[in-house]
Amino acid sequence: VSWTAMIAGLAQHQHYEDALSCFWEMQQEGVKPDKVTFISILKACASPAALECGKKIHTCINKRRLDSDITLGNSLIDMYAKCGSIDHARKVFNRMPKRDVFSWAAMIAGYVQNAHSEDALKLFCQMQLENVNPD
């Protein structure tokens, strides 16, 4: 079983601490996480208590130069929003070189989850102005 499969399975079954332990152990063993590993482990950091851990993982993503990946960007937006750090989510959104409909949806949902309904509406209008069709 690969490290990524173990991390994904643990995160999917809400064994977040075990997933994080596995993630750090994997790196101690010299195995570098890939895009799929990062997406899986970010799910384990999607709560206010795990914000600092999520920031560390974001730093790892930047060091691996994967920060321009749309799917990873979307996962980071989701993680930060679920942690209650909507400003960090917006910074990720703003720095994305390309966005897809999921990027917009994640950011709008993040605003709604954090009681920023006016910002959500403004972003929805901006999305339409940029000719992105909501799904």
Side-chain angles (χ1 to χ4, degrees):
V1 178
S2 75
W3 286 102
T4 299
M6 286 177 28
I7 291 166
L10 289 165
Q12 184 176 7
H13 289 94
Q14 301 178 348
H15 297 284
Y16 301 134
E17 288 183 27
D18 292 335
L20 288 164
S21 294
C22 192
F23 177 78
W24 299 122
E25 183 181 338
M26 174 186 87
Q27 291 183 84
Q28 288 176 336
E29 295 287 327
V31 179
K32 294 185 178 187
D34 62 10
K35 171 182 153 177
V36 177
T37 310
F38 282 122
I39 290 168
S40 298
I41 199 60
L42 285 171
K43 291 176 186 169
C45 299
S47 73
L51 177 59
E52 290 307 312
C53 195
K55 287 179 179 179
K56 287 179 185 175
I57 292 168
H58 188 177
T59 299
C60 292
I61 290 168
N62 290 340
K63 285 180 181 177
R64 295 286 319 275
R65 301 186 189 271
L66 296 171
D67 52 323
S68 63
D69 182 86
I70 292 176
T71 308
L72 270 173
N74 296 344
S75 295
L76 284 165
I77 291 167
D78 182 63
M79 183 271 300
Y80 279 124
K82 287 180 178 170
C83 287
S85 186
I86 199 68
D87 290 339
H88 280 96
R90 186 60 194 242
K91 284 178 187 174
V92 171
F93 180 83
N94 287 344
R95 291 179 180 159
M96 292 176 76
K98 287 187 178 181
R99 299 179 195 113
D100 59 16
V101 70
F102 300 107
S103 311
W104 291 89
M107 192 66 237
I108 291 168
Y111 276 136
V112 171
Q113 290 166 358
N114 287 278
H116 293 261
S117 55
E118 191 173 313
D119 291 323
L121 186 56
K122 285 179 187 176
L123 192 61
F124 181 77
C125 291
Q126 182 183 343
M127 180 180 79
Q128 290 181 315
L129 289 172
E130 294 190 23
N131 293 319
V132 177
N133 294 320
D135 57 354

message: Just so I know, are the side chains of Arg99 and Glu130 near enough to count as touching, which here means a heavy-atom distance under 4.5 Å?
response: yes
task: Answer yes or no: is there a side-chain heavy-atom contact under 4.5 Å between Met107 and Ile86?
output: yes
message: Run Thr59 and Asn62 through side chain to side chain donor-acceptor pair (under 3.5 Å) and show every step you take.
response: CA-CA 5 Å; Thr59 299; Asn62 290 340; 5.5 Å; no
message: For a side chain to side chain contact (heavy atoms under 4.5 Å, CB included) check, start with the C-alpha distance between Cys60 and Leu66, then their side-chain angles and the critical distance, and finish with the verdict.
response: CA-CA 9 Å; Cys60 292; Leu66 296 171; over 6 Å; no
task: Could you check Ser75 against Phe38 for side chain to side chain contact (heavy atoms under 4.5 Å, CB included), going step by step and ending with a plain yes or no?
output: CA-CA 9 Å; Ser75 295; Phe38 282 122; over 6 Å; no
query: Using the ring of each side chain (for Trp, its six-membered ring), is Tyr80 parallel, tilted or perpendicular to His88, with breaks at 30° and 60°?
result: parallel
- request: Determine, for Glu118 against Lys122, whether the closest basic-nitrogen to carboxylate-oxygen distance falls under 4.0 angstrom.
  value: yes
message: Looking at His116, is its backbone amide N or carbonyl O close enough to the side chain of Asn114 to form a donor-acceptor pair, meaning the two atoms are under 3.5 Å apart?
response: no
message: Can you confirm whether the side chains of Ser103 and Asp100 place a donor and an acceptor under 3.5 Å from each other?
response: yes
field: Approximate separation, where rounding is to 0.5 Å, of Asp78 CG and Gln113 CD
entry: 7.0 Å
message: Return the CE to CG distance between Met79 and Leu72, rounded to the nearest 0.5 Å.
response: 10.5 Å
task: Would you check, one step at a time, whether the test ring-ring contact (aromatic ring centres under 6.0 Å, His included) holds for Trp104 with Phe93?
output: CA-CA 8 Å; Trp104 291 89; Phe93 180 83; 5.0 Å; yes
